[in-house]
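Taking it in order: structure first as C-alpha cells, then the write-up.
Residue numbers start at 1 and run along the sequence shown.
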Amino acid sequence: MLEAGLSIAERITALIEAELGEAALSEDQVFRRTAEDFRKTLRVPREIKVNFSGGITQTCWSVSRGDGTYRVVYMPIAGYFSLCVESDFGPLDIGVHGPALGCFGSV
C-alpha cells in the first residue's frame, strides 16, 4: 500500500517500480527484457495534457520519454496507464490501457 503523504509523482514512480520489481523476478525472459527496455525510457513523471477522442483533454502524467511515435502516461482519474501516440496536437490516447509494462510492451 502506498503512503498517503507521497506526491502524485512519487506514487506513480512507486507503481512503476513495483511492476519493474515483479518483472525482474519473472522467469519470462521477454517480460524481463521489456522491463529493462522500459526502464531506459523512464523519466520523472510530469504533468501533460492528453487528447482523447471527441476533442476531450485530460491532465495526465508522462512517465516515459517518447520515441517520436509513442509514450506511456498515467491517467490519475482512471488510476492506470495508457499508451499514447504522438501527434501535432500532443499525446493522443489510443485505447491501450492497464499496467505500465503492458502498455509499453504492446508496441
Side-chain angles (χ1 to χ4, degrees):
M1 184 165 185
L2 300 176
E3 293 182 36
L6 297 177
S7 71
I8 188 159
E10 291 168 326
R11 291 193 305 261
I12 294 166
T13 299
L15 290 170
I16 292 169
E17 287 301 325
E19 284 190 47
L20 292 172
E22 181 182 330
L25 299 174
S26 175
E27 293 184 20
D28 183 337
Q29 291 180 354
V30 173
F31 188 45
R32 284 197 321 263
R33 194 169 328 127
T34 298
E36 291 167 8
D37 290 344
F38 182 53
R39 186 176 289 284
K40 293 174 188 172
T41 72
L42 288 178
R43 64 174 308 142
V44 174
R46 69 176 175 92
E47 282 187 85
I48 58 166
K49 292 286 185 195
V50 173
N51 299 292
F52 294 83
S53 60
I56 297 169
T57 62
Q58 186 180 118
T59 300
C60 297
W61 291 77
S62 178
V63 300
S64 71
R65 290 183 304 280
D67 66 358
T69 306
Y70 298 100
R71 82 167 76 182
V72 178
V73 302
Y74 180 75
M75 301 188 313
I77 293 173
Y80 48 73
F81 295 88
S82 170
L83 183 66
C84 291
V85 66
E86 303 291 350
S87 76
D88 290 342
F89 306 104
L92 174 65
D93 177 83
I94 58 173
V96 176
H97 302 140
L101 282 173
C103 291
F104 179 80
S106 68
V107 291

| query | Is the shortest heavy-atom distance from the side chain of Glu22 to the side chain of Glu17 under 4.5 Å? | reply | no
| Asp67 versus Thr41: any side-chain heavy-atom pair under 4.5 Å? | no
| field | For the student: nearest non-hydrogen atoms of Ala35 and Leu101, plus distance | value | CA-CD2, 3.6 Å
| task | Show your reasoning for whether side-chain contact (heavy atoms from CB on, under 4.5 Å) applies to Leu83 and Phe104. | result | CA-CA 7 Å; Leu83 183 66; Phe104 179 80; over 6 Å; no
| Can you tell me how far CZ of Phe81 sits from CE of Met75, rounded to the nearest 0.5 angstrom? | 10.5 Å
| request: Working to the nearest 0.5 Å, report the span between CZ of Arg46 and SG of Cys60. | output: 12.5 Å
| task | Take Val73 and Val63, measure what side-chain contact (heavy atoms from CB on, under 4.5 Å) needs, and give me the verdict at the end. | result | CA-CA 5 Å; Val73 302; Val63 300; 5.9 Å; no
| request: Decide yes or no on side-chain contact (heavy atoms from CB on, under 4.5 Å) for Tyr74 and Leu15, but give the supporting numbers first. | output: CA-CA 10 Å; Tyr74 180 75; Leu15 290 170; 3.8 Å; yes
| query | Is Val50 reachable from Ile56 through a run of hydrophobic residues whose side-chain heavy atoms are each under 4.5 Å from the next? | reply | yes
| said: What's the separation between atom OH in Tyr70 and atom SG in Cys103, rounded to the nearest 0.5 Å? | reply: 12.5 Å
| said: Working to the nearest 0.5 angstrom, can you tell me the gap between Ile94 CD1 and Ser53 OG? | reply: 12.0 Å
| query | Is there a donor-acceptor contact under 3.5 Å from the side chain of Arg11 to the main chain of Leu6? | reply | yes
| field | Check: Ser64 side chain, Val72 main-chain N or O, donor-acceptor pair, under 3.5 Å | value | yes
| query | Counting distance only, does the side-chain N/O of Arg32 pair as donor-acceptor with the main-chain N or O of Ser26 below 3.5 Å? | reply | yes
| query | Could you state the interatomic distance from OG1 (Thr57) to CD1 (Ile48), rounded to the nearest 0.5 Å? | reply | 11.5 Å
| Which is it for Phe38 and Leu20 under the side-chain contact (heavy atoms from CB on, under 4.5 Å) test, yes or no, and what are the steps along the way? | CA-CA 9 Å; Phe38 182 53; Leu20 292 172; 4.1 Å; yes
| message | Donor-acceptor check, side chain of Asp93 to backbone of Asn51, threshold 3.5 angstrom: yes or no? | response | no
| Taking Glu86 for the side chain and Gly66 for the main chain, is one N or O donor matched with an acceptor at less than 3.5 Å? | no
| query | Between atom CD1 of Ile8 and atom OG1 of Thr13, what is the distance when rounded to the nearest 0.5 Å? | reply | 10.5 Å
| message | Please tell me whether Val96 and Ile12 are part of a single hydrophobic cluster in this structure, the criterion being side-chain heavy atoms less than 4.5 Å apart. | response | yes
| Are Pro76 and Trp61 close enough that some pair of their side-chain heavy atoms sits under 4.5 Å apart? | yes
| Is the backbone N or O of Ser7 less than 3.5 Å from a side-chain atom of Glu10, with the two atoms forming a donor-acceptor pair by type? | yes
